[in-house]
There are 2 protein chains.
Amino acid sequence: MAVTIKDVAKKAGVATSTVSRTIQDHSSISEKTKIKVRQAMADLGYVPNFSAQSLASKTTKTIGVIMPVSDGVAFQNPFFLEVIREISKVCNEKHYMVSLASGKDTGELLESIKMMARRGTVDGFIVLYSTWEDQIIEYLHEANLIYAMVGRPYLFENETLYVDNDNRLSGKDATNYLLQKGHTQIGYVGDDLDQVVTIERMAGFRDALQEAGIAINPQQSILMTDSDNATVTQPLEKLFEHQKTAPTALVVSDDMLAVTVMQRLLMLGYQVPMDVSIISFNNSIFAKMAYPKLTSIDINVPQLGQQVALKLIDKIEEKEAPFVKMIIPHEIIERETVASK
Amino acid sequence: MAVTIKDVAKKAGVATSTVSRTIQDHSSISEKTKIKVRQAMADLGYVPNFSAQSLASKTTKTIGVIMPVSDGVAFQNPFFLEVIREISKVCNEKHYMVSLASGKDTGELLESIKMMARRGTVDGFIVLYSTWEDQIIEYLHEANLIYAMVGRPYLFENETLYVDNDNRLSGKDATNYLLQKGHTQIGYVGDDLDQVVTIERMAGFRDALQEAGIAINPQQSILMTDSDNATVTQPLEKLFEHQKTAPTALVVSDDMLAVTVMQRLLMLGYQVPMDVSIISFNNSIFAKMAYPKLTSIDINVPQLGQQVALKLIDKIEEKEAPFVKMIIPHEIIERETVASK
DNA sequence: CTGAAAGCGCTTACAG
DNA sequence: CTGAAAGCGCTTACAG
């Protein structure tokens with residue numbers, strides 16, 4: 001049997017309550033006895049039992065990480081693993097555990113989350129994505145559970161804790177960058193229409209063109225594709241159909257999509273960046289491994305992950321913490337896919 | 001307060017021990033009372049408290065998933081997220097939780113794992129990778145913890161539960177495929193030398209050439225690069241240095257590396273597959289999105305993930321279960337990067 | 001500043 | 001087949 005709080009108490013010559021309090025570094029315990037108790041813990045190699053702590057304190061010191069539903073390409077995005085790693089890192093430091101919730105469809109995911117909540121296995125949740133009208137969020141909110149999001153919430157924005165980039169601004173910055181390089185015929189290619197982020201980036205794209213006094217004809221400059229990218233070719237062809245409206249530069253909502261777009265462009269006979277310039281978002285490994293290497297907007301994934309975790313834990317530990325939103329800065333990483341016009 | 005076993009007992013008119021036993025579907029309880037109790041549970045919306053169950057039963061119903069240390073490109077491999085998703089799916093069904101262990105270096109990871117083990121937060125571990133001389137495995141083994149691996153163990157193979165492909169055979173099959181297409185000058189490019197799988201695939205490569213009676217000059221046909229792919233260019237150039245030994249086809253140990261290799265090849269003036277054919281492994285999203293699309297060996301990640309989880313849970317629940325190894329079949333997915341010679 | 005005691009919500013011999 | 005009771009290893013008012 002493992003060593004328990006009783007063994008420590010006996011060895012240190014104090015009550016178990018005193019041991020418990022020094023574990024929590026209670027201010028009521030004198031430094032002298034704390035030292036004595038800590039010595040005993042060290043000598044015995046004592047580590048508090050997790051289940052017992054949870055049961056007695058009504059707190060689990062674990063946070064549930066909610067992944068997006070796993071169909072579609074979105075799920076394969078390296079973004080998620082990166083965020084998870086950062087969350088995990090913070091949790092390690094704070095002595096929290098991370099527990100994963102995923103599912104192949106919304107129903108399955110919801111069941112899994114409900115289970116976690118009702119069995120009392122988590123103190124709070126982190127939702128890794130943000131879409132329109134999400135049942136998951138509705139449940140979390142109704143059930144009055146603590147949660148935080150990566151990405152701007154569509155529902156209950158004013159009452160939820162979240163960390164995000166200024167996606168609209170980044171869309172604008174990306175477009176302005178192209179404008180500065182002399183492009184005036186700029187198109188936008190996005191996927192995953194239900195993702196809040198995709199739409200926001202497009203809004204930023206419109207902002208920039210508008211400020212530059214360039215009229216937008218959606219038919220000729222905006223292309224939304226489904227998330228598995230299978231059908232980009234034809235619509236893309238259409239975008240380039242008329243010589244005088246054909247874009248000389250493209251803002252693409254995600255690195256992975258940008259890789260597909262470049263590939264299709266090549267098939268259509270366009271070279272990047274000689275014929276068409278491309279800037280995309282996320283600065284993931286795809287951006288670095290693409291050929292040519294993608295100019296991309298870095299969204300600082302480590303910060304995104306670390307901050308949600310930190311803020312959520314703060315909220316869990318002192319329930320009063322006000323609702324916070326936190327905006328992480330982005331940055332253009334210049335590589336090889338944008339040419340001057 | 002949530003509803004407890006006492007409430008259910010009262011409502012059903014039985015003792016709490018009877019409720020507990022019907023939760024576990026004990027054979028000693030009559031079907032009649034089980035029905036009565038289940039009715040009461042349903043009426044009250046009862047769900048057993050997780051921490052209390054763990055504390056009383058000395059079992060946690062959670063498995064720890066150990067990720068590879070996070071430096072280097074390997075970590076970005078979509079493989080891990082896919083496996084995790086599958087493990088998570090099985091765990092959901094079996095009412096297990098999955099808890100993540102990761103770290104930026106071995107020391108941090110080990111600390112995190114030790115914590116989990118000593119605090120009693122998991123019943124067993126799944127290790128997602130296999131390398132030479134892994135401290136993590138040594139610890140798991142010494143501490144007598146239950147674990148399973150994805151990939152063939154380097155240490156304690158005869159006493160560990162694992163699920164893997166026949167990597168050596170897949171290396172051989174890949175090479176034979178090239179041979180059948182008429183190539184005779186075939187090179188091997190691998191990274192991540194400490195991964196057992198990389199070495200095994202290379203061994204298969206050698207097997208095939210040997211059986212075909214083709215001599216191998218390592219200098220001229222084998223290139224091992226570090227895992228961040230940064231330095232592939234020069235050694236690759238060297239591989240193609242002499243016209244008469246330059247390979248007409250390459251076996252590449254991973255899709256991500258293959259993408260890099262193709263890119264560098266292009267820079268060196270070689271077209272794929274016209275000048276050089278390429279076959280790689282994993283059939284990840286990189287294979288599908290590459291241009292041209294990669295011919296790749298599918299390793300059936302879903303099976304890999306589901307089976308480790310299933311087998312580990314079996315082992316946890318009936319400790320007698322013998323050590324098992326399970327081999328999942330692979331399959332060549334023909335795409336656009338291999339041409340006939 | 002410290003301790004004795006009750007309690008968290010289950011499970012599991014033990015007895016019948 | 002079922003129940004009373006002890007126990008899992010902690011935490012936290014309460015009292016001093």
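So that the names make sense, note that chain A is the first sequence line, chain B the second, and so on, each numbered from 1.
Under the side chain to side chain contact (heavy atoms under 4.5 Å, CB included) criterion, Thr33(B) pairs with Ile29(B), Ser30(B), Lys36(B), sequence neighbours left out. Checked against side-chain hydrogen bond (donor to acceptor under 3.5 Å, both in side chains), Asp25(B) has the following partners two or more places apart in sequence or in another chain: Lys34(B), Arg38(B). For Arg152(B), the salt bridge (charged side-chain N to carboxylate O under 4.0 Å, His left out) test picks out Glu157(B), Glu200(B), with sequence neighbours left out. Every residue was checked against the side chain to side chain contact (heavy atoms under 4.5 Å, CB included) condition with Ser27(A), not counting sequence neighbours, and none meets it. Applying the salt bridge (charged side-chain N to carboxylate O under 4.0 Å, His left out) test to Lys311(A) and every residue at least two apart in sequence or in another chain returns nothing.
Whole-Å rounding puts the Gln53(A) CD to dG9(C) P distance at 17 Å. Atom CD of Glu31(B) is separated from atom P of dC1(D) by 10 Å (rounded to the nearest Å).
Distance check, rounded to the nearest 0.5 Å: CD1 of Ile63(B) to CG of Asp123(B) gives 9.0 Å.
Thr59(B) comes within contact range of no nucleotide atom at all, as no heavy-atom separation falls under 4.0 Å. Looking at heavy-atom distances under 4.0 Å, Phe50(A) makes no contact with the nucleic acid at all.
Against DNA chain C, the stretch residues 112-121 of chain B makes no heavy-atom approach under 4.0 Å.
With dC10(C), dC8(C), dT11(D) as the candidates, the nucleotide lying closest to the side chain of Asn49(B) is dC10(C).
Residue pairs meeting the salt bridge (Lys or Arg N to Asp or Glu O under 4.0 Å) criterion with at least one partner in residues 124-138 of chain B, sequence neighbours excluded, do not occur; the list is empty. A salt bridge (Lys or Arg N to Asp or Glu O under 4.0 Å) check over residues 47-57 of chain B, counting only residues at least two apart or in different chains, returns nothing.
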Residues 301-308 of chain A side chain polar contacts: donor-acceptor under 3.5 Å, at least two apart:
residue   : atom : partner   : partner atom : Å
Gln303(A) : OE1  : Gln307(A) : NE2          : 3.3
Gln306(A) : NE2  : Glu86(A)  : OE1          : 2.8

Can you list, pair by pair, the side-chain donor-acceptor contacts under 3.5 Å of residues 45-55 of chain A, counting residues two or more places apart and other chains?
residue  : atom : partner  : partner atom : Å
Asn49(A) : OD1  : Ser51(A) : N            : 2.9
Asn49(A) : OD1  : Ala52(A) : N            : 2.8
Ser54(A) : OG   : Phe50(A) : O            : 3.0
Ser54(A) : OG   : Thr59(A) : O            : 3.4

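Taking a pair as Watson-Crick or G-U wobble with both distances under 3.5 Å, DNA chain C forms stems of 3 or more consecutive pairs at C:1-3 with D:14-16, C:5-12 with D:5-12, C:14-16 with D:1-3.
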Contact list (N/O, under 3.5 angstrom) for nucleotides 12-16 of chain C vs protein:
residue : atom : partner  : partner atom : Å
dT12(C) : OP2  : Gln24(B) : OE1          : 3.3
dA13(C) : N6   : Arg21(B) : NH2          : 2.4

